[in-house]
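Numbers here simply count residues along the sequence, with the first being 1. Both ligands and their constituent atoms are indexed starting at 1 by order of listing.
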Amino acid sequence: MSNAKKTAIVTGGSRGIGFAVAKQLASEGYNVAILDVNALEDYRANFAQLDAMDADYLYYQGSVTDKAAREAFLSAVVAKYGDVDVLVNNAGVAPLVRSDILEMTEESFDRVVGINLKGAMFFTQLVVRQMLKQPYKDGRRATIVNICSSSAYISSISRGEYCMSKAGMAMMTLLYADRLAAEGINVYEIRPGVIDTDMTKVVHKKYNDLIEQGAFPIARWGTPQDIADAVSVFVSGKLSYCTGNYLDLDGGFHIARL
Ligand SMILES: NC(=O)c1ccc[n+]([C@@H]2O[C@H](COP(=O)([O-])OP(=O)(O)OC[C@H]3O[C@@H](n4cnc5c(N)ncnc54)[C@H](OP(=O)(O)O)[C@@H]3O)[C@@H](O)[C@H]2O)c1
């Protein structure tokens, strides 16, 4: 089935950054398809916001780590909307327990890398195979945005598995950008710093203190909307002569200072 509106897939879109991205793209007229482990009922208030905007969305409860769920979700998206114009790889987790790299367990490594990197890698592979069947529209086929992290290059020895998963995602961005440039699919990456979501609740005081002490040139928490606005720019088509690029969205935290 075809649909004149463009369609965006957002993983992990029931809350936090993913939900802000979904809402932003819905406000720009996209059909939005969300794959998330949570039950929609648990985030009713968020989806009421999409309903109030008269947004067209499809919600599928499943994990990016589950091959059958990935395939069933994509089939449902294609059946409902037709082409997939945007993929935002946002689903991600922090370790359940922060522990020194000398104490890190294989279970925690497998969980975090399995969701943040392996899940994103193979879900992207599946979606790209669909995108490659699609015609060019306005000079391009589709756009992919990976929600990575400053942790791709900053060492945090109490959550090394998270850092390694995001460093791997940074290479994933380059690999897909390289492979897909000639296919009309550009691939971008956003590296958020500290964003005010449920994920950072456990370290709220630590980051509040750092912000107060001036660690961040722009002295405030980032918001999910900051990330959603950047996604909006990447999918706008106004950056058509660049691919494989990342954007630090971290209040200037990446600047080495003396
Ligand atoms: N917040 C920050 O400061 C920050 C900074 C840098 C990068 N990021 C990245 O930004 C992304 C979003 O983070 P956030 O802060 O919005 O986190 P969040 O509030 O925890 O939201 C993440 C969403 O992804 C879902 N999810 C988890 N595992 C999944 C899976 N296997 N399949 C599908 N969905 C899954 C989560 O479900 P559950 O409710 O079950 O967890 C949740 O709905 C992540 O990739 C994160 O690493 C965040």
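Contact atoms of ligand 1 toward Y162: 6 (C), 7 (C), 8 (N), 9 (C), 46 (C), 47 (O) (distance under 4.0 Å to a heavy atom of the residue). Close approach of ligand 1 to A91 is summarised as follows: ligand atoms under 4.0 Å from at least one heavy atom of the residue are 24 (O), 33 (C), 34 (N), 35 (C), 45 (O). Interface of V64 with ligand 1, defined as ligand atoms under 4.0 Å from a residue heavy atom, comprises 30 (C), 31 (N), 32 (N), 33 (C). Ligand 1 places these atoms under 4.0 Å from at least one heavy atom of G16: 16 (O), 19 (O). Heavy-atom proximity to V93, at under 4.0 Å, picks out these atoms of ligand 1: 27 (C), 28 (N). Counting the atoms of ligand 1 from 1 in the order shown, those under 4.0 Å from a heavy atom of V194 are 3 (O). Below 4.0 Å from some heavy atom of I195 lie the following atoms of ligand 1, by number and element: 1 (N), 2 (C), 3 (O). Taking a cut-off of under 4.0 Å to the non-hydrogen atoms of S14, the atoms of ligand 1 that pass are 43 (O).
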Can you check ring pair (Phe, Tyr, Trp, His ring centres under 6.0 Å) on F19 and Y43, steps first, answer last? CA-CA 10 Å; F19 177 71; Y43 290 89; 8.9 Å; no
Between E212 and N208, does the side chain to side chain donor-acceptor pair (under 3.5 Å) criterion hold? Intermediate values first, please. CA-CA 6 Å; E212 269 176 34; N208 266 345; over 6 Å; no
What's the verdict on side-chain contact (heavy atoms from CB on, under 4.5 Å) for T143 and K6, showing C-alpha distance, side-chain angles and the deciding distance? CA-CA 11 Å; T143 306; K6 288 192 171 178; over 6 Å; no
Working note: S232 + E28, criterion side-chain contact (heavy atoms from CB on, under 4.5 Å); need CA distance, chi angles, decisive distance, verdict. CA-CA 9 Å; S232 170; E28 295 177 15; 2.6 Å; yes
Intermediate values then yes/no, side-chain contact (heavy atoms from CB on, under 4.5 Å), D226 and I195: CA-CA 9 Å; D226 288 321; I195 311 299; 5.6 Å; no
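Contact annotation: the side chain of T124 approaches that of N89 to within less than 4.5 Å [non-hydrogen atoms, C-beta and beyond].
Residue contacts with ligand 1 do not include G13, since none of its heavy atoms lies under 4.0 Å from the ligand. For the ligand labelled ligand 1, residue S151 lies outside the 4.0 Å heavy-atom shell.
Only the side chain of T200 comes within 4.0 Å of ligand 1, counting heavy atoms alone; its backbone N, CA, C and O stay farther away.
Atom 22 (C) of ligand 1 has as its closest protein heavy atom G92 O, 3.9 Å. V37 CG2, 3.9 Å is the protein heavy atom nearest to atom 29 (C) of ligand 1. Distance from atom 43 (O) of ligand 1 to its nearest protein heavy atom, with residue and atom name: D36 OD2, 2.8 Å. In terms of protein heavy-atom proximity, atom 7 (C) of ligand 1 is closest to C148 O, 3.1 Å. Of all protein heavy atoms, the one lying nearest to atom 37 (O) of ligand 1 is N38 ND2, 3.2 Å.
Between atom 38 (P) of ligand 1 and the options R191, R15, R70, the minimum heavy-atom separation is to R15. Of the candidates T197, T11, L249, the one placing a heavy atom closest to atom 15 (O) of ligand 1 is T197. Checking S63, A120, S149, G193 against atom 4 (C) of ligand 1, the nearest heavy atom belongs to G193. Heavy-atom proximity to atom 6 (C) of ligand 1, evaluated over A20, G12, P192, is greatest for P192.
There is a path of hydrophobic side-chain contacts, each under 4.5 Å, that joins V88 to L249.
Using bins of under 30°, 30° to 60° and over 60° for the plane-to-plane angle, the ring pair H204/W221 lands in the parallel bin.
In terms of N/O distances under 3.5 Å, ligand 1 is approached by I17. Of the N or O atoms in T65, none lie within a sub-3.5 Å distance of an N or O in ligand 1. Backbone and side-chain nitrogen or oxygen atoms of N90 are examined, and one is located within less than 3.5 angstrom of a nitrogen or oxygen of ligand 1.
A donor-acceptor pair under 3.5 Å is formed between the side chain of R141 and the backbone N or O of E183.
Annotation: M171, atom CE; neighbour count of heavy atoms from other residues, nucleotides and ligands within 6.0 Å does not exceed 12.
Counting only residues at least two apart or on different chains, the salt bridge (Lys or Arg N to Asp or Glu O under 4.0 Å) pairs with a member in residues 195-206 are R15-D198, D198-K201, K205-D209.
Put simply, the residue from V32, D85, L25, D83 that forms a side-chain contact (heavy atoms from CB on, under 4.5 Å) with T7 is D85.
At a cut-off of 3.5 Å, with distance as the only test, a side-chain donor of D56 or Y81 sits close to an acceptor on the other residue.
In this structure, K67 pairs ionically with E71, as a charged nitrogen and a carboxylate oxygen lie closer than 4.0 Å.
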